[in-house]
Amino acid sequence: MKDLLPRYPVHQQAVATTHLNNAQYNALYQQSIEDPDTFWATQAEQFIDWYEPWQEVSNIDFKTADVSWFKGAKLNASYNCIDRHLPTKANDIAMIFEGDEPTDDLSVTYQELHDHVCRFANLLKDRGVKKGDRVCIYMPMIPEVGYAMLACARIGAIHSIVFGGFSTESIKARVLDADCQVVITADEGVRGGKIIPLKANVDEAIKDCPNVHTVVMVERTGNEVEWFEGVDVAYTDVILNYPASCEPEVMDAEDPLFILYTSGSTGKPKGVLHTTGGYLLYAAMTHKYVFDYQDGEVFWCTADAGWITGHSYIFYGPLANGATTLVFEGVPTYPDASRFWQVCEKHGVNVFYTAPTAIRALMSLGDELVQNYDRSAIRLLGSVGEPINPEAWHWYYEIVGESRCPIVDTWWQTETGGILITSMPGSADMKPGSAGLPFFGVKPALLNREGEELTGKAKGALALTGSWPGQMRSVYGDHQRFFDTYFSQYSGYYFTGDGAKRDEDGYYCITGRIDDVLNVSGHRLGTAEIESALVLHPAVAEAAVVGYPHEIKGQGVYCFITLMNNAHESDELIDELKGFVAAELGKFAKPDYLQYAPGLPKTRSGKIMRRILRKIAENELSNLGDTSTLADPSVVEHLIDNRIIHE
Ligand code: ATP
Ligand code: MG
């Protein structure tokens with residue numbers, strides 16, 4: 001196989017100024033593995049303000065799926081994200097809000113954040129919300145989504161954010177699963193110039209949720225909505241009646257902070273439960289070290305609050321560190337596809353963190369859209385959500401980052417609470433396409449099918465040995481499912497569901513979900529590897545590869561490809577691409593079928609739903625499974641109509 005991974009040395013300039021250099025990373029990593037409890041206790045004292053210390057640092061048993069960190073210690077997450085910064089940062093900007101329209105923005109200082117959050121907390125209390133109650137948040141990306149989260153944290157309520165693009169059915173399922181009795185929403189959302197009827201969706205959803213007694217509605221557009229006296233509360237009208245101070249509830253480190261349902265690219269959503277102390281420490285610490293966050297910088301994570309990335313790296317991590325975090329309401333392509341770079345210029349963004357799906361989409365539209373804006377303030381770029389194929393990596397590095405900004409390709413999951421594998425700036429070389437090295441305290445293992453640990457350079461199922469403070473603690477209301485999903489496959493390990501390769505330097509390259517690994521004529525092949533090869537071709541913007549049963553080879557390779565704007569569909573191109581993959585990866589990997597796909601079925605967070613594509617490739621259309629989290633269901637119809645029917 002051709003080497004797709006040249007090395008990019010640590011940037012010399014970065015080394016001089018980063019929090020950690022290579023020697024420091026190595027020493028700290030070593031300590032974190034050899035004596036985790038001492039390591040984490042030291043970090044916990046440094047990053048978090050505690051009301052009372054813990055009785056034990058950790059208590060971990062992967063055989064029973066029991067994980068606890070800092071049990072007995074007391075803290076409040078909202079206090080840590082706000083109040084403790086006030087003596088020095090009351091007038092510093094906590095949040096920059098950038099609206100859907102480029103003319104719409106707002107800054108919120110730490111003092112203002114404090115006042116908003118306290119008022120909101122008092123409103124919730126007034127509606128009877130207490131410690132341990134679940135509150136559903138279904139909001140656009142406006143500052144109030146942050147106020148709502150922190151208000152819950154302040155009074156010890158458990159928030160469950162449902163992405164504002166999800167449908168009525170998704171809200172209903174999540175409200176019922178967590179038995180939320182309060183829903184916080186807005187009249188309408190605005191994204192990419194389009195209006196989303198949030199309040200109406202909530203009204204519809206809670207018809208079947210008898211326990212919901214309160215719907216708090218923030219005004220966003222001011223358009224008329226249906227009103228239910230006794231249930232609905234007009235936030236905007238009443239909020240100033242509530243006092244701007246509210247004593248934070250004293251929480252145990254192991255008290256739940258939030259529930260977040262995973263995006264569902266692999267099946268029925270799970271209510272991932274995170275607790276307070278370990279999660280907050282891990283979010284804050286990874287935010288500081290992975291993004292090398294320096295005081296005063298503007299940090300922009302483009303995720304939505306409805307994803308774990310939004311929880312950890314728009315709100316909890318940055319705010320715990322007293323950072324300035326940017327909250328963006330819009331989409332990368334509105335009013336035009338230079339929106340990201342226009343916002344970077346406007347607010348002097350220093351650290352920019354986005355997803356490969358956005359990078360690939362923008363890459364296919366040309367470099368000028370980027371180059372028209374000043375990106376000189378950007379110092380570091382990040383990627384999350386999927387493997388970033390080398391082609392997109394290079395574009396991100398050379399065009400967006402002008403070959404001067406390190407890229408952190410961050411591998412993690414809703415379940416892990418924060419980043420687990422990446423190459424930290426200043427302490428590790430970057431290798432395009434490879435996430436990199438483990439974060440402190442993280443011990444990855446590669447397992448073969450027999451569950452044996454592989455050593456050295458290897459390829460296998462990615463599991464983790466031992467815990468880290470940000471680890472999820474349970475599936476809400478179903479601890480057995482927690483055990484079954486993550487600990488039953490390989491005894492004593494947390495199984496991630498992903499496959500990975502480790503190279504001679506100990507770098508991990510994520511090859512995709514294990515379910516997505518193909519076995520072609522006895523060769524095990526990650527779909528991500530074939531996809532990476534396909535997008536190296538100048539005509540291909542995006543590719544999704546799945547297997548289908550093949551009599552001779554075991555599995556055949558079926559590819560869906562989206563072309564670049566300036567490329568044209570033709571049979572010659574199909575042949576060329578087949579040959580191209582064979583040349584890149586080897587003859588055995590040569591695709592059997594290539595189907596043109598103007599759009600691919602994606603979750604709302606931009607991930608390809610390969611399980612649906614698998615059904616199309618297998619011509620098994622009777623049961624496509626849960627499609628309620630698809631961003632655009634019409635894409636699937638098109639693919640079905642144009643599928644290639646084979647023997
Ligand atoms: P579900 O678990 O419900 O199917 P999901 O796995 O897409 O949904 P997330 O927790 O948001 O939900 O995503 C985590 C997964 O995303 C990882 O397990 C991995 O497959 C992929 N991923 C995230 N970041 C990276 C990365 N930097 N490189 C490669 N893969 C990544
Ligand atoms: Mg997952």
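We count ligands from 1, going down the list as the structure has it; atoms in each ligand are counted the same way.
Between R610 and V545, the shortest heavy-atom contact is CD-O, 3.6 Å.
Remark: ligand 1 atoms within the under-4.0 Å shell around heavy atoms of D409 are 26 (C), 27 (N). Close contacts of ligand 1 with E415, meaning ligand atoms under 4.0 Å from a residue heavy atom, involve 10 (O).
Considering backbone and side-chain atoms alike, Q413 places an N or O below 3.5 Å from some N or O of ligand 1. Checked against a 3.5 angstrom limit, the closest N/O atoms of T410 and ligand 1 fall inside it.
Looking at W412 against ligand 1, only its backbone comes within 4.0 Å, counting heavy atoms. Only the backbone of E386 comes within 4.0 Å of ligand 1, judged by heavy-atom distances. Residue-level proximity to ligand 1 for T262 is carried by backbone and side chain together, each with a heavy atom below 4.0 angstrom. Under 4.0 angstrom from ligand 1, the non-hydrogen atoms of T414 come from both its backbone and its side chain. In K607, the part holding a heavy atom less than 4.0 Å from any atom of ligand 1 is the side chain.
With hydrogens and angles ignored, the 3.5 Å screen pairs no side-chain donor or acceptor of H479 with any backbone N or O of V475. Proximity of a side-chain donor or acceptor of Q555 to a complementary backbone N or O of N519 within less than 3.5 Å is detected.
Contact between I308 and ligand 1 is absent, with no heavy atom of the residue lying under 4.0 Å from the ligand. The closest approach between any non-hydrogen atom of G385 and ligand 1 is below 4.0 Å.
Comment: E415 does not engage R473 in a salt bridge, judged by the lack of any side-chain N to carboxylate O separation of less than 4.0 angstrom. In this structure, R360 pairs ionically with E386, as a charged nitrogen and a carboxylate oxygen lie closer than 4.0 Å.
A cation-pi arrangement is present between K431 and Y507, with the terminal nitrogen or guanidinium carbon under 6.0 Å from the aromatic centre and inside a 45° cone about the axis.
Between H287 and P318, some side-chain heavy-atom pair lies under the 4.5 Å cut-off.
Side-chain N/O atoms of K602 and T357 include a donor and acceptor closer than 3.5 Å.
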